[in-house]
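Values in this document were obtained by computation on a predicted structure and should not be read as measured data.
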Amino acid sequence: MDNEAYTTIINDPHMADLLGQELIRDDLLPSILGSDNHDISYWAGKHLARNHRLATYDDLIAFFDQFKLGKLNLLKKSGQQLNWELSGPIVKNRLDLFDDPDFYLETGFIAQSCQYILNQVAEAEITKTTPAKGIVLISTYLGKDKPVDDQESDKMFTIAHSDPDQPEDLDSDH
């Protein structure tokens, strides 16, 4: 992370709390993992989804928001493919500030989550990155087979969804 990236992150209210995450994700890990960074990040995302098994697309979208991975939106589901858009200030800043920001952790997480939600084998890939708009498009491809994996967890991770009738208490310590 250079001085420009640091200054931008620390002065941005959307990013300042993510300074440590950015240091690890877009500086340290790429330097340690080298050319294997994207592959390892993808499998790490799948591993996280195995440990944080989600039941629905709404849970997946909420997870991305709550864990500050970006705003995830399901654009289209057709046949054996789901198209996702990952956006928001976090994504835009990472695209702007780093030469090769890694969104493969998110891609792997989406793939494994879709596999659980649909009970079909699933893999995903980044299909397009638009830095000027701060958008990453991710496609999930579904196989016809049911997953066979002895690493599958049967315990669901429960996402707390905010009640739309209740205002969010952003200053709460709870």
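The two residues Pro131 and Asp96 come nearest to each other via the heavy atoms O-OD1, 3.8 Å. A pairwise comparison of heavy atoms in Leu60 and Leu54 identifies CA-CD1, 3.6 Å as the closest pair. Taking all atoms of both residues into account, the shortest heavy-atom contact from Asp58 to His161 is O-CE1, 3.5 Å. For the pair Ala111 and Tyr42, the tightest heavy-atom approach, listed with the atom from each and the gap, is CB-OH, 3.5 Å. Nearest heavy atoms, Ala62 versus Ile159: CB-CG2, 3.6 Å. The two residues Leu95 and Thr130 come nearest to each other via the heavy atoms CD1-O, 4.2 Å.
Follow the hydrophobic side-chain contacts under 4.5 Å out from Phe103 and you reach Ile61 in the same cluster. Note on Leu28 and Leu23: separate hydrophobic clusters, where clusters join Ile, Leu, Val, Met, Phe, Trp and Tyr whose side-chain heavy atoms are under 4.5 Å apart, directly or indirectly.
In this view, Asp36 satisfies the salt bridge (Lys or Arg N to Asp or Glu O under 4.0 Å) rule with no residue, not counting sequence neighbours. Contacts of Asp26 classified as salt bridge (Lys or Arg N to Asp or Glu O under 4.0 Å), with partners at least two apart in sequence or in another chain: Arg94. Partners of Tyr6 by ring pair (Phe, Tyr, Trp, His ring centres under 6.0 Å), not counting sequence neighbours: none found. Scanning for side chain to side chain donor-acceptor pair (under 3.5 Å) contacts around Asn119 gives an empty result, with sequence neighbours left out.
To the nearest 0.5 Å, atom CZ of residue Arg25 and atom OG of residue Ser41 are 6.5 Å apart.
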*Check step by step if side chain to side chain contact (heavy atoms under 4.5 Å, CB included) holds for Thr7 and Glu4.*
CA-CA 5 Å; Thr7 301; Glu4 179 183 352; 6.0 Å; no
*CA sep, side-chain torsions, deciding dist, call: Ile9, Asn93, side chain to side chain contact (heavy atoms under 4.5 Å, CB included)*: CA-CA 8 Å; Ile9 292 169; Asn93 281 329; 5.9 Å; no
*asked:* Run the side chain to side chain contact (heavy atoms under 4.5 Å, CB included) test on Lys68 and Ile90 for me, step by step, so that the C-alpha distance in whole Å, both residues' side-chain angles and the decisive distance to 0.1 Å come before the verdict.
replied: CA-CA 7 Å; Lys68 308 293 186 224; Ile90 295 160; 3.9 Å; yes
*asked:* side chain to side chain contact (heavy atoms under 4.5 Å, CB included) for Phe109 and Lys46? Distances and angles first, verdict last.
replied: CA-CA 5 Å; Phe109 194 93; Lys46 291 189 86 150; over 6 Å; no
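Taking the six-membered ring where tryptophan is involved, the planes of His38 and Tyr104 are tilted, since the angle between them lies from 30° to 60°.
Contact check for Phe63 versus Leu72: no side-chain heavy atoms found under the 4.5 Å cut-off. Using a 4.5 Å heavy-atom cutoff, the side chains of Leu29 and Asn37 are in contact. Looking only at side-chain heavy atoms (C-beta outward), Thr56 and Asp59 come within less than 4.5 Å of each other. In this structure the side chain of Glu106 reaches within 4.5 angstrom of the side chain of Leu86, judged on heavy atoms. Contact of the Arg50 side chain with the Gln112 side chain is registered, since non-hydrogen atoms from C-beta on lie closer than 4.5 Å. For the pair Asp27/Ile24, no side-chain contact is recorded, criterion being any heavy-atom separation below 4.5 Å from C-beta on.
Checking side-chain atoms of His52 against main-chain N and O of Leu48 turns up a donor-acceptor pair under 3.5 Å.
Residues Glu85 and Lys128 are not paired through a salt bridge, judged by the lack of any N-O separation under 4.0 Å between the basic side chain and the carboxylate.
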For residues 132-141, which side-chain donor-acceptor pairs fall under 3.5 Å, sequence neighbours excluded?
{"residue": "Ser139", "atom": "OG", "partner": "Gln81", "partner atom": "NE2", "Å": "3.4"}
{"residue": "Ser139", "atom": "OG", "partner": "Asn83", "partner atom": "OD1", "Å": "2.8"}
{"residue": "Thr140", "atom": "OG1", "partner": "Trp84", "partner atom": "NE1", "Å": "3.2"}
{"residue": "Tyr141", "atom": "OH", "partner": "Glu125", "partner atom": "OE2", "Å": "3.1"}

N/O donor-acceptor pairs under 3.5 Å from side chains in residues 73-80, not counting sequence neighbours:
{"residue": "Gln80", "atom": "NE2", "partner": "Leu142", "partner atom": "O", "Å": "3.1"}
{"residue": "Gln80", "atom": "NE2", "partner": "Gly143", "partner atom": "O", "Å": "3.4"}

